[in-house]
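Atom set for the values below is all heavy atoms of this structure, side chains included, hydrogens, waters and symmetry mates excluded. Count residues from 1 along the sequence.
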Amino acid sequence: MRVLVTGGAGFIGAHIVTALVSSGHEPVVLDALLPTAHPGPPVLPDAELIRADVRDAEAVRVALRGVDAVCHQAAMVGLGKDFADAPAYVGCNDLGTAVLLAESARARVSRLVLAGSMVVYGEGRYACPRDGLVRPGPREVADLEAGLFEPRCPVCGAELVPGLVDEDAPADPRNVYATTKLAQEHLASAWARSTGGRAVSLRYHNVYGPGMPRDTPYAGVASFFRSALARGEAPRVFEDGAQRRDFVHVRDVAAANVVALEAVDGLAAGSFTAYNTGSGEPHTIGEMASALAAAHGGPDPVVTGEFRLGDVRHVTADASRLRRELGWLPRVGFAEGMAEFARAHLRASAGAAQRQ
């Protein structure tokens, strides 16, 4: 199968390209190679590379020639600096997706796998001992400043018990990036219905692993902790470090993309399906920082109490649908993955922003 991988020179995209080649497929990479993510030349396996922005309809049209499926990874990620970044996020993520889908329809490409994100859920799943399942609102600044980080029951004010969120949970994007990721899914769904195509969104949880960029909006918190340790500094952990996340290894995410691309033909024509893509094993950010520091032999993490508006407290995946329907299983456990990542190469990058 000939597969167009947008953003295929990026952290996750490059691993997907490698996995496609290993599975006997022919990847074609479309990547703008923006300096913020690629200050040096990309290192890719044997794959055709087209350097262009996904918003360039003519370049996308050329890239789609002879293509059987699209794996859409290109996106501007992270929380940005403030709302002034909104036009850039919407332009890159949503306009870019619209151009790609319009050209895919023109080229009669009927298979799409989209890089989705856990951020579409906002806060994760919570249960109140008295009121059952509830959806807490955004956390108040006054509470965060007072070190009261846990969401409370919106009915009775009691402490909540976090659980796993499944794909049927209501979407509640709480920042611009999250909003654009949800819009990408809506566009993909509309494309599938209009063209009779088949679209899958893999809602990534916290992806980490070798080749992660250091200190950029394209990096997650794992990269910031790893970069600090490489400098001989202690990882700085926001809030109290008890935020729950699902850390999933990039090779497992790449494998999920290959599985989805190979299985998408088996889905109903005109359908859109979302799959949580996570390890299914929640860990706190503090646990992750400690595991990395211990494996690296660096200083212990420092819990700062700092916070960022737009960050959610707990969001972890129920990834059973992906296992059940497509047969995907994560292979890299938390301890093994963190031990590897503690010594892994990070790609050079420019710019800085932190996302936990």
Side-chain angles (χ1 to χ4, degrees), residues 77-83 116-182 185 203-207 220-222 224-225 235-248 274 276-290 301-320 334 353-356:
V77 305
L79 294 183
K81 295 179 181 178
D82 52 42
F83 201 82
S117 175
M118 66 173 185
V119 295
V120 300
Y121 297 118
E123 288 286 353
R125 182 179 185 271
Y126 291 91
C128 172
R130 193 194 80 171
D131 298 300
L133 293 179
V134 295
R135 293 186 59 77
R139 296 180 291 171
E140 299 292 337
V141 173
D143 287 341
L144 295 171
E145 289 177 340
L148 302 174
F149 301 120
E150 294 291 343
R152 296 278 178 165
C153 175
V155 180
C156 70
E159 288 191 15
L160 299 174
V161 178
L164 300 181
V165 60
D166 64 24
E167 293 88 349
D168 295 325
D172 185 18
R174 297 195 173 183
N175 54 63
V176 170
Y177 169 64
T179 302
T180 66
K181 295 307 289 183
L182 183 59
E185 290 195 346
R203 290 177 175 169
Y204 301 159
H205 281 246
N206 289 67
V207 186
V221 65
F224 280 86
F225 291 167
R236 293 175 58 83
V237 180
F238 284 7
E239 300 187 17
D240 58 1
Q243 308 95 302
R244 285 161 51 103
R245 297 290 187 270
D246 185 319
F247 299 100
V248 58
N276 286 335
T277 308
S279 72
E281 299 179 2
H283 290 274
T284 69
I285 286 178
E287 287 172 344
M288 187 267 286
S290 294
V302 174
V303 178
T304 69
E306 297 172 89
F307 63 88
R308 294 201 332 165
L309 291 176
D311 282 344
V312 297
R313 179 63 174 175
H314 305 296
V315 57
T316 51
D318 177 352
S320 59
F334 179 79
Q354 185 163 357
R355 177 163 56 94
Q356 296 195 17

>> Under the criterion side-chain hydrogen bond (donor to acceptor under 3.5 Å, both in side chains), I'd like the reasoning laid out for Thr316 against Asp246: C-alpha separation, chi angles, the key distance, then a yes or no.
In response: CA-CA 5 Å; Thr316 51; Asp246 185 319; over 6 Å; no

> So His283 and Phe334, would you call those rings parallel, tilted or perpendicular, with 30° and 60° as cut-offs?
Replying inline: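 Rings of His283 and Phe334: parallel, under 30°.
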
Roughly how far, to the nearest 0.5 Å, is the [atom2] atom of [Y] from the [atom1] atom of [X]?
X	Y	atom1	atom2	result
Gln243	Thr284	CD	OG1	8.0 Å
Asp311	Ile285	CG	CD1	7.5 Å
Glu167	Thr277	CD	OG1	8.0 Å
Ser117	His205	OG	NE2	8.0 Å

Look at the side chain of [X] and the backbone N and O of [Y], then say whether any donor-acceptor pair between them is shorter than 3.5 Å.
X	Y	value
Glu145	Asp143	no
Glu123	His314	yes
Arg139	Phe149	yes
Thr304	Val237	yes
Asn276	Asp318	yes
Ser290	Glu287	no

>> Using a 6.0 Å cut-off, check whether atom CD of Glu140 has over 12 heavy atoms from anything other than its own residue.
In response: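 12 or below, so no.
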
Looking only at heavy atoms, what is the nearest atom pair of [X] and [Y], with distance?
X	Y	value
Arg135	Tyr121	NH2-O, 3.9 Å
Ala319	Gly278	CB-O, 3.7 Å
Pro282	Leu164	CG-CD2, 3.8 Å
Phe225	Arg236	CE2-O, 3.2 Å
Glu185	Gly116	OE2-CA, 4.4 Å
Pro136	Arg174	O-NH2, 2.7 Å

> Do Lys181 and Asn175 have side-chain heavy atoms sitting under 4.5 Å apart?
Replying inline: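 No. Closest side-chain heavy atoms not under 4.5 Å.
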
> Looking at Arg313 and Glu150, does any basic side-chain N land under 4.0 Å from a carboxylate oxygen?
Replying inline: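 Yes, this pair counts.
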
